[in-house]
Colleague: 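Got a structure here, written out as structure tokens. Questions coming.
Both ligands and their constituent atoms are indexed starting at 1 by order of listing.
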Amino acid sequence: MCGIVGAIAERNVVPILVEGLRRLEYRGYDSAGLAVLRDARSLGLRRAVGKVSGLQSKLDADPLAGTLGLAHTRWATHGGVTEQNAHPHLSGDRIAVIHNGVIENFQEIKDELLEKGYEFASETDTEVAAHLVHDYVKAVTSLVEAVRKATQRFEGAFALLVVDS
Ligand code: GLU
């Protein structure tokens, strides 16, 4: 079962996110990742197959900082256990998504998004959420509205965390 952590603070949230993932390790997972909103409003991403300690090693080698972020431990349902399939999933440099559960009708939404020119970097059902929210957010007035419109399309059971840079 996956774990989801979100944090916003006046200081760097990366240590808070990693500690949150450590506290959720007992739930079981196959990979871990996090994304933060950096100073220039760009999204920074780090992911690793295996333990949260592996993610921490990547952060030690290539540090990341930001005051708002989201983190995930994945239990794969769609797509193999790879870094590309680990969450968060991005759409452009704008939307970051993490997801617990399954979007059962992801294939029909994926076909529609491919038709519109969105490129997929993973085999997950989750990535449709990133691109669909991105597609809607360009047309509506708020991220909340875009997420609401996207989730109305999804069949299945899921929890999502979404950031718009
Ligand atoms: N279905 C998603 C995936 O395979 C999320 C799995 C989970 O809940 O960790 O990536």
Colleague: Would you check, one step at a time, whether the test salt bridge (Lys or Arg N to Asp or Glu O under 4.0 Å) holds for Lys149 with Glu145?
Modeller: CA-CA 6 Å; Lys149 273 171 77 79; Glu145 201 182 333; over 6 Å; no

Colleague: Walk me through whether Tyr29 and His72 qualify under ring pair (Phe, Tyr, Trp, His ring centres under 6.0 Å).
Modeller: CA-CA 9 Å; Tyr29 62 99; His72 186 261; 9.6 Å; no

Colleague: Show the nearest heavy-atom pair for residues Ala86 and Ser31, with the distance to one decimal.
Modeller: CB-OG, 3.8 Å

Colleague: Are Val128 and Phe120 side-chain neighbours, meaning at least one heavy-atom pair lies under 4.5 Å?
Modeller: yes

Colleague: May I have every N or O pair linking ligand 1 to the protein at under 3.5 Å, one per line with atom names and distance?
Modeller:
unit_1: ligand 1; atom_1: 1 (N); unit_2: Thr77; atom_2: OG1; d: 2.6
unit_1: ligand 1; atom_1: 1 (N); unit_2: Gly101; atom_2: O; d: 2.8
unit_1: ligand 1; atom_1: 1 (N); unit_2: Asp125; atom_2: OD1; d: 2.8
unit_1: ligand 1; atom_1: 1 (N); unit_2: Asp125; atom_2: OD2; d: 3.2
unit_1: ligand 1; atom_1: 4 (O); unit_2: Arg74; atom_2: NH2; d: 3.2
unit_1: ligand 1; atom_1: 4 (O); unit_2: Thr77; atom_2: N; d: 3.0
unit_1: ligand 1; atom_1: 4 (O); unit_2: Thr77; atom_2: OG1; d: 3.2
unit_1: ligand 1; atom_1: 4 (O); unit_2: His78; atom_2: N; d: 3.1
unit_1: ligand 1; atom_1: 8 (O); unit_2: Asn100; atom_2: OD1; d: 3.1
unit_1: ligand 1; atom_1: 8 (O); unit_2: Gly101; atom_2: N; d: 3.0
unit_1: ligand 1; atom_1: 9 (O); unit_2: Trp75; atom_2: N; d: 2.9
unit_1: ligand 1; atom_1: 9 (O); unit_2: Trp75; atom_2: O; d: 3.4
unit_1: ligand 1; atom_1: 10 (O); unit_2: Arg74; atom_2: NE; d: 2.7
unit_1: ligand 1; atom_1: 10 (O); unit_2: Arg74; atom_2: NH2; d: 3.3
unit_1: ligand 1; atom_1: 10 (O); unit_2: His87; atom_2: NE2; d: 2.8

Colleague: Would you say NZ of Lys138 has more than 12 non-hydrogen atoms from neighbouring residues, nucleotides or ligands within 6.0 angstrom?
Modeller: yes

Colleague: Closest heavy-atom contact between Asn85 and Ser122?
Modeller: OD1-CB, 3.3 Å

